[in-house]
Asks: 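Submitted below is the structure of interest, expressed as structure tokens.
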Number of protein chains: 2
Amino acid sequence: MSNPATTPLTHIVDDDEAIRDALSWLFRTRNVAARAWASAEDFLAAWQPDWQGCIVLDIRMREMSGLECFDALLERGNTLPVIFLTGHGDVPMAVGALKKGAFDFLEKPVDDNALVDVVIRALATNARHQANQETQATVATRLAQLTPREHEVMQLVLAGKFNKVIADELNISMRTVEVHRSRVFEKMGVRSAVELAQLLSPRD
Amino acid sequence: MSNPATTPLTHIVDDDEAIRDALSWLFRTRNVAARAWASAEDFLAAWQPDWQGCIVLDIRMREMSGLECFDALLERGNTLPVIFLTGHGDVPMAVGALKKGAFDFLEKPVDDNALVDVVIRALATNARHQANQETQATVATRLAQLTPREHEVMQLVLAGKFNKVIADELNISMRTVEVHRSRVFEKMGVRSAVELAQLLSPRD
DNA sequence: TTCCACACTGCGGTTATCCACAATTGAGGG
DNA sequence: CCCTCAATTGTGGATAACCGCAGTGTGGAA
């Protein structure tokens, strides 16, 4: 049994066993690791925030619908790309799902190649997102290690101020500024203010 | 006549005069500056890349359809947010438009308040995009003023390297590095490598 | 030929940054 | 009481960055 936290899986969520089997088979023939779920409830009960991969989610299911499942996932902070499949979609439903962040919205019957293409793109998107999350987590961990004073000095360093100016503003000696500055660089794993600025540059 | 390059306008493109009039009136009552066009061709003939505002675009029109107009706008590098209106949309059409970057996709009859809300959000999005474009244009202009050698030195400065190391790598004197470095800061309008790094930090 | 832009360099002097070594004080926890 | 951590500071010495002043050489355009 693959571990969804480290091996990206395409999760097929559909109450129709024939569809689940067909999609499982399709993905297997395309070397896409997949796992099938017979209901949205089953999937949600198992879902973990650190899973990697993507979700192929049928809209119309017996108990909980795909859209309800999607809303629940969003509430839990899901970041897996969600591809909706539906036999009877309408425009507001599709538009609403996409604007809530759904990755795609496809109508059945769906072309095998088209679906696999979408899944592969979704997996790539998830991989990029994961890499970005890890970087941000590392930065956040390092920032959390700074003492309040170090953090304060760091902001002024990032504002491009001289040590002498920082010392004046904080009413401390230049030597103290140097100590804090040096410790900031050490804790943030950088060697210069340029590297620090680049590490902490705002990203959309 | 307002100048669309500087005054944000909501462009109503619909071959149905009654709709145009109704929407013009609606926007006027909500203090949203608008301009109506009887055909996609008319709008496209007038369109300029520096216009500000947004576009409310009907899909089904006599000659050129809204979707064709949208494709033409994309080819021309349009950045105005596009809100589609349709009386008979289907899911693939809606999904396709949104994935090509349409701002929204609404079905007629559309609720006045809902439409105005969407338009106001689109206008805000356009304003943010415009501000970002201006910043990027300023940076690009400044970068274009650098000599090739200055640009080369700048890259090494941004890599956090000492002047001495840069001099070694480029086989020039340290004084020359200092000269280039100083001129880079001057032309880029910054006072330190930190500011330069922040000005040029990658953005998605 | 002259002028200009670009690239380059040396000298001397100043300011900024960095840090080893050493030390003190205060707060909090075991 | 002892220990750890955070904040602070001084001394002395070294390296890095900055720049005025002065100058040279090359290539291209007028």
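If you're wondering where the values come from, they're calculated on a predicted model, not measured in any experiment. By convention in this document, chain letters (A, B, ...) are assigned in the order of the sequence lines, proteins followed by strands, and residues within each chain are numbered from 1.
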Asks: Under 4.0 angstrom, heavy atoms only, what part of the nucleic acid is Thr176(A) near: base, sugar-phosphate, or nothing?
Replies: base
Asks: Nearest of dT8(D), dA16(D), dT17(C) to any side-chain atom of Phe162(A)?
Replies: dT17(C)
Asks: For Arg62(A), is there any backbone N or O sitting under 3.5 Å from a side-chain donor or acceptor partner on Asp15(A)?
Replies: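 Flag set: sc Asp15(A) to bb Arg62(A) pair under 3.5 Å.
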Asks: CG of Asn171(A) versus P of dT8(D): gap in Å, rounded?
Replies: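 Answer to the nearest Å: 10 Å.
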Asks: I want to verify a distance call: between dT17(C), dA6(D), dC18(D), whose nearest atom is closest to the Arg183(A) side chain?
Replies: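 Side chain of Arg183(A) sits closest to dA6(D).
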Asks: Can you identify which nucleotide, out of dA17(D), dC18(C), dC8(C), has its nearest atom closest to the His180(B) side chain?
Replies: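 Among the listed nucleotides, the one closest to the side chain of His180(B) is dC8(C).
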Asks: Starting at the 5' end of DNA chain D, which residue's closest nucleotide do you reach first, Arg149(A) or Lys164(B)?
Replies: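 It is Arg149(A) whose nearest nucleotide is closer to the 5' end.
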Asks: Return the nearest nucleotide to the side chain of Ser173(A); candidates are dT9(D), dC18(D), dC18(C).
Replies: dT9(D)
Asks: Taking atom P of dC5(D) as reference, at what distance in whole Å does atom CD of Glu150(A) sit?
Replies: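 From Glu150(A) CD to dC5(D) P: 13 Å.
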Asks: Write down the distance between CZ (Arg191(A)) and C1' (dC19(C)), rounded to a whole number of angstrom.
Replies: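 After rounding, the gap between these two atoms is 18 Å.
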Asks: Determine whether Arg183(A) and Val153(A) make a side-chain contact, defined as any pair of heavy atoms from C-beta on separated by less than 4.5 Å.
Replies: no
Asks: Give the rounded distance in Å between these two atoms: NZ of Lys161(B) and P of dT17(C).
Replies: 23 Å
Asks: Think Asn163(B) has a side-chain N or O under 4.0 angstrom from the OP1 or OP2 of dA17(D)?
Replies: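 True: Asn163(B) side-chain N/O within range (under 4.0 Å) of dA17(D) OP1/OP2.
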Asks: Return the orientation label for the Trp51(A) and His11(A) ring planes: parallel under 30°, perpendicular over 60°, tilted otherwise.
Replies: parallel
Asks: Atom CD of Glu186(B) and atom C1' of dG20(D): how far apart are they, to the nearest Å?
Replies: 14 Å
Asks: Ignoring hydrogens and angles, does a donor from either the side chain of Arg175(B) or the base of dG20(D) sit under 3.5 Å from an acceptor on the other?
Replies: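 Donor-acceptor pair under 3.5 Å: yes.
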Asks: Does Thr147(B) have a side-chain nitrogen or oxygen under 4.0 Å from the phosphate oxygens OP1 or OP2 of dA5(C)?
Replies: no
Asks: For the residue pair Asn78(A) and Ile55(A), establish whether any side-chain heavy-atom pair is separated by less than 4.5 Å.
Replies: yes
Asks: State which of dT17(C), dT9(D), dA7(C) makes the closest approach to the side chain of Met174(A).
Replies: dT17(C)
Asks: How about Met93(A) and Val91(B): do any of their side-chain heavy atoms sit closer than 4.5 Å?
Replies: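 No - every pair of side-chain heavy atoms lies 4.5 Å or more apart.
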Asks: Whole angstrom is fine here: how far is it from CD in Glu178(B) over to C1' in dT17(C)?
Replies: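 The distance from CD of Glu178(B) to C1' of dT17(C) comes to 15 Å, rounded to the nearest Å.
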